[in-house]
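First up is the structure itself, then whatever we jot down about it.
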Amino acid sequence: MFPDLRRDVVFPIAGSVILFTLVVASGLVYQSQFGGVGERLITMALIDAIIVLGMQVFIGNTGILSFGHIGFGAIAGYAFAVSAISPVEKMKRIPDAPFGLTDVNVDPLLAVLIALAATLVVALVVGLGLARSGAESGAVSATVITLALLFVTHEVARNWPAVTGGDRAGLSFRIGGTLNGRVAIYVALFLAILVARLYAQSRGGRLAVAAREDDLAARAMGVNPLVQQMVALLISVAIVSVGASLRVYEKGSILPGDFFFNLTLVTLVMLIVGGRRSVSGALLGVAVITAGRELARRLGQDGFEMFGVGLDGAPLDWIFRENLKTVFLGVSMLGFMIWRPSGLLDDWELDEWLHAKFRRSRESPPASPQVVEPDDSASLVASGVDVAFGGFQALTGVGIEAARSEVVGIIGPNGAGKTTLLNVITGLVESDSGRISLGDTDLTTAPSFKIARSGLVRTFQNLRLFASLTVRENVEVSYLVAASHRRHRSPCDVDGLIAAAGLWAHRDRRARELDYGTSRRLELARAAATAPAFLLLDEPTSGMSDSESLQMIEQVRQMAGLVGAGVVVIDHDLNFIIGICDRIYCLDCGQVIAHGTPEEIQADPVVQAAYIGSTAEG
């Protein structure tokens with residue numbers, strides 16, 4: 001659940017306590033300066049913080065922009081109101097409510113639980129819709145689905161007066177029956193901060209972030225993004241439901257417009273301004289936007305003066321007017337999306353900063369893991385593979401076989417079908433015919449993440465690292481998959497594998513900060529951390545010099561040896577292929593034209609004509 005208890009549990013709890021204290025203390029200081037108006041403002045800001053934290057759990061960790069979380073809030077708000085408002089008050093508003101709802105009267109705490117349960121049911125259905133749409137970071141379909149939910153809930157609330165009271169009457173508590181004090185808000189806020197941080201540090205949160213960074217690479221490491229998105233959605237909706245219920249209880253009433261576009265805009269701007277990838281940023285965004293909106297309200301009210309000059313008179317009246325709050329929100333969102341889309345704090349977290357300050361650093365890297373003897377009982381076999389893209393036949397009857405005790409190379413000129421074959425084996429391209437198997441397991445129609453979990457893990461011709469994650473976190477993602485789905489094999493220690501790959505000095509650097517050669521070593525170490533049966537490498541020496549290619553030979557052999565994996569490698573560098581491979585397959589025009597030892601391939605006149613000769617001529 002948590003890879004490192006000290007880093008992922010102890011420090012997030014401590015950081016949550018500090019963040020909560022800072023938020024509450026700041027609110028109390030502001031309130032002491034502005035009296036009753038300040039008290040109301042801070043109370044609503046604390047509730048907004050709960051809702052924004054719920055949104056952050058989903059949007060921040062999956063990268064999917066959701067407009068629908070306020071729609072979930074509307075469902076929770078009405079469910080809470082219908083459950084908690086007394087029958088006497090409901091008889092005035094919704095006397096004809098179906099299902100006996102008029103007679104329902106429960107304690108507010110139980111009403112919150114009812115609202116939460118009802119909203120989670122809807123979230124489950126929406127989550128399945130998102131899964132079917134192939135939602136991933138930046139996907140338009142997911143944003144449209146969530147936006148549709150917002151409009152649907154609003155229209156239902158307006159046009160089902162028997163339950164919601166409609167657009168005019170709404171639902172309301174009796175006078176004096178609203179929330180008394182902030183204890184419930186404080187408890188909910190602290191739990192929201194804690195849950196958001198613990199989720200981000202948990203196995204599920206880390207896998208969700210990996211899919212956010214690169215959906216294709218995450219699947220190739222054995223991550224199923226749809227599961228992680230569903231978990232994040234349910235957790236986030238649960239937090240939003242509690243915040244929405246408290247908002248209704250504090251306000252004492254609910255109308256369809258209370259949970260529609262205005263609140264959606266406010267909460268999204270708060271999240272974007274602070275930094276949607278950070279819990280600390282989400283809280284900062286709430287503070288900044290709350291203060292900014294209040295300042296804009298004061299500047300836009302009639303009769304407001306600054307240094308004795310009235311701001312509501314010409315020529316300033318076209319700026320300082322009643323709608324200045326809305327203008328401020330729009331400018332804030334536009335400005336940050338253009339000039340600082342990552343927000344004020346990006347993904348900076350207080351507890352991670354504290355952990356870095358107090359971490360007990362090792363003087364020397366850990367010992368390299370022990371070499372694992374390969375088990376040749378499960379061979380990789382691809383047979384009769386045909387792939388056509390439109391009218392182009394990319395592969396025709398291609399077959400290869402590899403044992404775990406050997407390194408098998410695949411060569412051929414550009415367009416020969418090498419990468420297409422690797423894509424078929426790893427589930428990224430569906431073949432028209434043929435069979436892919438690992439031992440007795442048929443993987444022909446398996447999705448890419450299941451193929452990776454079965455033991456076939458690949459690297460890519462173009463680097464696909466989780467750019468915003470550190471070196472250790474990149475390798476840790478694969479380790480977490482192996483710990484859950486490769487339990488019959490003992491995954492390598494993360495730090496030991498990092499040290500063996502020569503990455504110890506870079507362990508806390510983000511992947512996007514690494515040079516090309518170091519990035520290639522990280523990609524190889526990340527693949528090895530899944531404890532695979534086979535490492536499938538797509539041009540691992542692409543872009544490297546001759547000396548770097550020779551070093552990569554030892555790197556590949558070392559990583560494969562530490563996990564007892566066989567290797568299938570594609571490359572154009574013949575010195576690399578000949579230096580590392582036990583057997584080689586040569587492809588041309590989508591067909592295997594020769595296979596044998598490096599010496600046999602070099603001497604084969606057909607290979608010389610199709611590949612080596614053409615290279616010499618070019």
Side-chain angles (χ1 to χ4, degrees), residues 11-57 73 77 108-109 112 173 176-198 239-253 258 263 266-267 269-275 278-301 304 325 328-329 332 343-345 348-351 353-354:
F11 272 89
I13 291 175
S16 297
V17 171
I18 296 172
L19 282 174
F20 173 76
T21 303
L22 289 173
V23 170
V24 172
S26 301
L28 293 176
V29 169
Y30 182 90
Q31 179 181 319
S32 68
Q33 299 297 316
F34 293 95
V37 175
E39 180 179 358
R40 175 71 174 170
L41 179 69
I42 295 303
T43 298
M44 296 309 295
L46 294 174
I47 294 174
D48 287 343
I50 297 170
I51 295 174
V52 171
L53 285 170
M55 297 169 65
Q56 191 280 328
V57 169
L109 178 59
V112 171
F173 291 81
T178 56
L179 187 62
N180 184 22
R182 289 185 185 159
V183 174
I185 297 175
Y186 286 150
V187 171
L189 177 59
F190 176 72
L191 290 177
I193 296 172
L194 184 61
V195 169
R197 281 304 300 134
L198 289 178
I239 297 173
V240 169
S241 299
V242 173
S245 299
L246 290 173
R247 187 180 181 88
V248 172
Y249 200 19
E250 168 63 23
K251 188 176 179 182
S253 64
D258 293 345
L263 185 57
V266 170
T267 50
V269 172
M270 288 174 171
L271 187 59
I272 289 170
V273 167
S278 163
V279 171
S280 303
L283 292 173
L284 179 61
V286 172
V288 170
I289 295 302
T290 299
R293 291 182 74 214
E294 179 61 10
L295 177 60
R297 183 190 69 79
R298 290 174 178 272
L299 292 174
Q301 68 186 9
F304 187 86
K325 285 200 310 181
F328 168 74
L329 285 176
S332 297
L344 292 172
L345 295 186
W348 184 90
E349 290 289 3
L350 176 62
D351 58 86
W353 178 79
L354 290 172

Shortest non-hydrogen contact from Leu194 to Ser16? CA-OG, 3.6 Å

How far apart are the closest heavy atoms of Gly77 and Val248, and which atoms are they? CA-CG2, 3.7 Å

Glu294: salt bridge (Lys or Arg N to Asp or Glu O under 4.0 Å) partners, not counting sequence neighbours: Arg297, Arg298

I'd like to check the ring pair (Phe, Tyr, Trp, His ring centres under 6.0 Å) partners of Phe328; sequence neighbours left out, ordered by chain and number. none

Partners of Ala244 by side-chain contact (heavy atoms from CB on, under 4.5 Å), sequence neighbours excluded? Ala76, Phe259

Using side-chain contact (heavy atoms from CB on, under 4.5 Å) as the criterion, point out the one residue from Val288, Thr290, Leu284 that pairs with Met270. Thr290

Between Ala184 and Leu179 the two heavy atoms that sit nearest each other are CB-CD1, 4.3 Å

Angle between ring planes, Trp348 versus Trp353, binned at 30° and 60°: parallel, tilted or perpendicular? tilted

Closest heavy-atom pair and its distance - Val286, Ala49: CG2-CA, 3.8 Å

side-chain contact (heavy atoms from CB on, under 4.5 Å) with Val269: which of Ile272, Thr267, Val266, Val273? Val273

Quick one: list whatever passes side chain to side chain donor-acceptor pair (under 3.5 Å) with Thr43, sequence neighbours left out. Arg182

Over all atoms of both residues, closest heavy-atom pair of Ile50 and Ala188: CD1-CB, 3.7 Å

Going by the side-chain hydrogen bond (donor to acceptor under 3.5 Å, both in side chains) test, which pairs reach into residues 189-198, not counting sequence neighbours? Arg197-Gln201, Arg197-Asp351

For Tyr249, check ring pair (Phe, Tyr, Trp, His ring centres under 6.0 Å) against everything at least two apart and list the hits. Phe80, Phe173

If you take all heavy atoms of Asp258 and Ser253, which pair is closest and at what distance? OD2-O, 4.0 Å

Ignoring hydrogens and geometry, is there a side-chain-to-backbone donor-acceptor pair from Glu349 to Ser280 under 3.5 Å? yes

Let me confirm one number: the CG-CD1 distance from Leu46 to Ile51, rounded to the nearest 0.5 Å. 11.5 Å

Under-4.0 Å salt bridge between Arg247 and Asp48: yes

